Peer 1: 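My questions will all concern the structure given below.
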Number of protein chains: 2
Amino acid sequence: MVTLEDVARQAGVSLATASRVLNGSTRQVGAAMRTRVEKAAAELGYRTNVAAQTLARGASNVIGLVVHDLVDPYFAAIADGAMRAADAEGHVVMVGTTRRDPEREIAYVATLNAQRAKAVLIAGSRVADPVVTARLKAELDRYRAQGGRAACVGQDLLGVDTVAPGNHAGAARLAGALADLGHTRFAVLAGPPHLITAADRRAGFQAALAERGLPEPQIVYGRFDRDGGHAAAASVRPDVTCVFAVNDVMAVGALAAFRERGVRVPEDVSVAGFDDIPTLRDHVPALSTVRLPLAAMGSLAVELALAGEDVPQVVAMEGEVVLRESVRAI
Amino acid sequence: MVTLEDVARQAGVSLATASRVLNGSTRQVGAAMRTRVEKAAAELGYRTNVAAQTLARGASNVIGLVVHDLVDPYFAAIADGAMRAADAEGHVVMVGTTRRDPEREIAYVATLNAQRAKAVLIAGSRVADPVVTARLKAELDRYRAQGGRAACVGQDLLGVDTVAPGNHAGAARLAGALADLGHTRFAVLAGPPHLITAADRRAGFQAALAERGLPEPQIVYGRFDRDGGHAAAASVRPDVTCVFAVNDVMAVGALAAFRERGVRVPEDVSVAGFDDIPTLRDHVPALSTVRLPLAAMGSLAVELALAGEDVPQVVAMEGEVVLRESVRAI
DNA sequence: CCCTCCACGGAAAGCGATTTCCAAGTATGC
DNA sequence: GCATACTTGGAAATCGCTTTCCGTGGAGGG
């Protein structure tokens with residue numbers, strides 16, 4: 001394994017000079033020395049040992065990204081945005097998936113702390129359990145106490161820079177748009193009650209209906225993924241004319257369930273989701289939803305974390321209602 | 001920043017003992033010392049400095065994964081499989097996206113070499129340019145010369161452990177199945193000519209048609225993504241009854257293009273893809289394809305790399321033809 | 001022509017862990 | 001009861017790089 005010392009010896013210069021040439025420094029190195037070092041490094045096939053560099057510098061160029069599930073287009077889009085931003089700043093990205101287990105989320109923050117990652121990004125909904133949230137916050141605080149930066153895409157509950165999607169307001173606007181189409185009897189495929197994102201969207205939707213004096217929607221709890229939507233669709237009451245799934249992958253699952261049962265969308269029932277994941281544009285029928293700029297949210301989170309303001313910044317991202325063929329007026 | 005030395009001092013033991021307790025070792029430590037160290041570590045909130053550990057041990061627990069595009073469900077599925085396997089072995093994963101630029105692929109291998117990653121996984125098609133391939137191979141060889149392990153999901157061109165999808169054979173079997181339905185006039189949305197995966201699939205398809213004495217299919221080149229399929233579909237000749245897109249995302253794009261033009265699938269034209277990406281199951285019409293076990297391929301690649309046999313292993317993965325509603329007999 | 005200052009090369013002290021080598025204490029066998 | 005063999009704790013060298021501090025030679029100013 002060729003080290004900087006090998007390069008320095010081959011070039012006939014000191015370690016310090018070789019380091020300054022190859023790994024950047026504020027100090028200048030004369031042209032003659034510089035080319036000698038570069039030539040030696042190329043000949044020997046030298047590659048910096050980042051572990052040693054990180055140790056010596058006391059700072060790494062790793063950005064950690066924690067998501068629930070990379071296969072979910074929602075997280076894939078956020079991760080993609082984050083990776084582009086990280087890349088543009090010369091950082092590399094370490095990704096961990098929690099598989100929706102908060103314990104794994106905490107463990108991964110600890111791992112990233114051990115890596116002395118430059119920044120940690122946590123994407124995805126918080127859970128309603130205050131004990132779990134407190135433990136994650138404690139782990140993040142410890143990390144930040146050691147000089148780490150952190151940002152979150154989701155609820156502003158961790159005391160760090162946050163990109164906060166307007167879940168409540170977006171769902172409320174969607175409810176309004178759907179009510180304007182003449183719907184009165186709604187169902188909400190609400191996901192798990194303890195997931196705050198799911199709960200906020202459900203609550204926003206319900207609040208808007210109540211404000212208009214419309215009857216309470218049917219609430220169906222379930223999982224937050226495609227299969228959860230598929231299963232929940234089975235219990236929707238027959239008099240319901242419009243179904244709101246609290247995220248797009250659930251809506252896609254519900255659409256599949258309706259199709260299997262011969263229920264036509266939108267003729268028999270209207271369906272809407274939330275997020276506007278990229279894969280949606282090829283779906284039949286085209287799904288109505290609330291558009292969130294997912295990739296931008298990912299890159300913004302990276303920028304916030306890297307900027308590292310003293311007081312945590314919270315940026316709200318409002319979703320835009322997009323009506324497509326999955327809904328119709330009644 | 002609390003170090004092992006702080007912990008040792010607080011516990012009143014030596015650095016060596018603290019290290020043995022906290023970071024694993026073959027050596028035993030007495031129960032009394034052990035609990036004292038653990039207590040001190042917990043009180044101080046100690047987190048191992050992985051950079052220092054990596055430097056001292058001469059080995060890291062990072063696995064690098066290089067993919068073209070995380071938003072593409074094909075790569076997301078492979079990455080997910082790889083991450084699960086890595087996780088099971090106690091490794092963390094660093095992901096890089098190349099955005100289909102071979103230069104970035106090479107650069108990322110160099111970065112992972114600098115990280116002294118335990119293993120590097122390269123997923124995605126090689127390109128036909130032998131110079132580029134040689135440069136990537138050289139970079140990988142340098143990495144492996146320093147003790148790194150590598151594996152590849154794709155063509156066996158890099159001299160490392162490889163999980164090789166049966167592109168040619170799978171496409172040939174698909175062509176056979178489609179011909180059995182009575183189709184004789186085909187088009188192939190062939191992707192970019194220089195992408196070997198795309199070329200192999202096209203060639204396999206053509207070979208099977210030729211073997212049956214069927215006329216040459218129309219070949220339409222284009223990009224290897226959804227928009228490429230969408231654009232390519234526009235130039236399909238009107239007499240064609242069956243279109244093969246060399247991957248699923250292209251097929252999905254083609255389906256969208258046909259829908260926009262009022263061409264019905266499968267009534268007017270049959271369409272098939274390749275890969276069987278997970279999002280396909282909710283597509284309308286359900287897309288016929290060749291199923292590849294993507295997640296398993298990802299985890300297998302990790303296992304191969306970690307096993308580190310002396311001679312590179314090559315595991316072929318054969319795809320299974322799956323006919324769904326996007327094709328019909330003629 | 002002398003003095004100051006700048007530019008640039010090198011020696012050496014860390015960074016925070018692991019691990020080898022010693023030494024001392026404790027079991028075990030006869 | 002003594003020699004032998006394990007255990008187990010600690011001192012110190014080491015991993016590869018960065019960076020401070022020092023020293024030297026040459027340019028520029030008066």
Side-chain angles (χ1 to χ4, degrees), chain A residues 1-38 40-41 44-62 110-111 113-118 143 146-148, chain B residues 1-38 40-41 44-62 111 113-118 146-148:
Chain A
M1 200 163 280
V2 19
T3 72
L4 190 59
E5 189 171 0
D6 300 332
V7 175
R9 190 177 319 116
Q10 165 110 351
V13 303
S14 76
L15 217 48
T17 302
S19 170
R20 294 200 260 251
V21 170
L22 295 174
N23 297 318
S25 138
T26 50
R27 288 268 309 255
Q28 298 285 324
V29 173
M33 296 274 143
R34 154 159 254 113
T35 56
R36 253 161 61 198
V37 171
E38 280 164 351
L44 264 36
Y46 171 73
R47 286 284 173 270
T48 303
N49 181 330
V50 175
Q53 197 170 57
T54 298
L55 179 58
R57 291 221 251 249
S60 82
N61 70 335
V62 172
T111 299
N113 190 349
Q115 300 279 350
R116 298 295 187 269
K118 183 123 189 178
Y143 165 67
Q146 313 221 338
Chain B
M1 201 164 279
V2 19
T3 72
L4 190 58
E5 189 171 358
D6 300 332
V7 175
R9 190 177 319 116
Q10 165 111 350
V13 303
S14 76
L15 217 49
T17 303
S19 170
R20 295 199 261 251
V21 170
L22 294 175
N23 297 318
S25 139
T26 51
R27 288 268 307 257
Q28 296 288 321
V29 173
M33 297 273 146
R34 155 158 252 115
T35 55
R36 255 164 58 199
V37 172
E38 281 164 350
L44 264 37
Y46 171 72
R47 285 284 174 271
T48 304
N49 182 328
V50 175
Q53 196 170 57
T54 298
L55 179 57
R57 293 223 250 249
S60 82
N61 69 335
V62 171
T111 299
N113 189 349
Q115 299 281 349
R116 298 295 186 269
K118 183 125 190 176
Q146 311 221 341

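The model shown is predicted, which means the values in this text are computed figures rather than measured ones. Here is how names work: the chains are called A, B, and so on, in the same order as the sequence lines, proteins then strands, and each is numbered from 1.
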Peer 1: I need the full list of salt bridge (Lys or Arg N to Asp or Glu O under 4.0 Å) pairs touching residues 46-61 of chain B, with sequence neighbours left out, sorted by first then second residue.
Peer 2: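 Output for this query lists A:E139-B:R47.
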Peer 1: C:dT18 phosphate, OP1 or OP2: any side-chain N/O from B:N23 under 4.0 angstrom?
Peer 2: yes
Peer 1: B:A56: what forms a side chain to side chain contact (heavy atoms under 4.5 Å, CB included) with it, not counting sequence neighbours?
Peer 2: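 Scan of B:A56 (side chain to side chain contact (heavy atoms under 4.5 Å, CB included), adjacent residues dropped) gives none.
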Peer 1: Reading DNA chain D in the 5' to 3' direction, which nucleotide is the first one with an atom under 4.0 Å from a heavy atom of chain B, and which is the last?
Peer 2: D:dT8 to D:dG16
Peer 1: Look at the side-chain N and O atoms of A:S14 and state whether any lies under 4.0 Å from the OP1 or OP2 oxygen of C:dG10.
Peer 2: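 For C:dG10, OP1 or OP2 has a side-chain N or O of A:S14 closer than 4.0 Å.
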Peer 1: Run the side chain to side chain donor-acceptor pair (under 3.5 Å) test against A:T35 and tell me which residues pass, sequence neighbours left out.
Peer 2: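 Side chain to side chain donor-acceptor pair (under 3.5 Å) list for A:T35, sorted by chain: empty.
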Peer 1: A:R116 has an atom CZ; how far is it from atom C1' of C:dC15, in whole Å?
Peer 2: 11 Å
Peer 1: Identify each atom pair where a protein N or O and an N or O of nucleotides 20-27 of chain C are less than 3.5 Å apart, giving names and distance.
Peer 2:
| from | atom 1 | to | atom 2 | distance (Å) |
| --- | --- | --- | --- | --- |
| C:dC21 | N4 | B:R27 | NH1 | 3.4 |

Peer 1: Rounded to whole Å, how long is the line connecting atom CG of B:L15 with atom P of C:dT19?
Peer 2: 13 Å
Peer 1: Apply side chain to side chain donor-acceptor pair (under 3.5 Å) to B:S19 and list each qualifying residue two or more places apart in sequence or on a separate chain.
Peer 2: none
Peer 1: What residues from residues 50-62 of chain B pass a heavy-atom cutoff of under 4.0 Å to DNA chain D?
Peer 2: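 B:L55, B:A56, in order of number.
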Peer 1: The criterion is side chain to side chain contact (heavy atoms under 4.5 Å, CB included); which residues satisfy it with A:A51, sequence neighbours excluded?
Peer 2: A:N49, B:T54
Peer 1: To the nearest Å, give me how far apart CZ (A:R9) and C1' (C:dG10) are.
Peer 2: 16 Å
Peer 1: So which atom in A:Q146 and which in A:N113 form the shortest heavy-atom distance, rounded to 0.1 Å?
Peer 2: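 Closest heavy-atom pair between A:Q146 and A:N113: OE1-OD1, 4.0 Å.
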Peer 1: Would you please name every residue forming a side chain to side chain contact (heavy atoms under 4.5 Å, CB included) with B:A40, sequence neighbours left out?
Peer 2: B:V7, B:Q10, B:A11
Peer 1: Taking side chain to side chain donor-acceptor pair (under 3.5 Å) as the definition, give me every residue that meets it alongside B:T48, ordered by chain and number, with sequence neighbours left out.
Peer 2: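 Side chain to side chain donor-acceptor pair (under 3.5 Å) list for B:T48, sorted by chain: B:N23.
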Peer 1: Who pairs with A:D6 by side chain to side chain contact (heavy atoms under 4.5 Å, CB included), at least two apart in sequence or on another chain?
Peer 2: A:V2, A:T3, A:R9, A:L44
Peer 1: According to salt bridge (Lys or Arg N to Asp or Glu O under 4.0 Å), who are the partners of A:R36, at least two apart in sequence or on a separate chain?
Peer 2: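 Result, salt bridge (Lys or Arg N to Asp or Glu O under 4.0 Å) vs A:R36: none returned.
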Peer 1: Should B:M1 and A:R116 be marked as a side-chain contact (heavy atoms from CB on, under 4.5 Å) after you check the CA-CA gap, both sets of side-chain angles, and the distance that decides it?
Peer 2: CA-CA 10 Å; B:M1 201 164 279; A:R116 298 295 187 269; 3.3 Å; yes
Peer 1: Does A:E5 or B:M33 map to a spot on DNA chain D nearer the 5' end, using the closest nucleotide for each?
Peer 2: B:M33
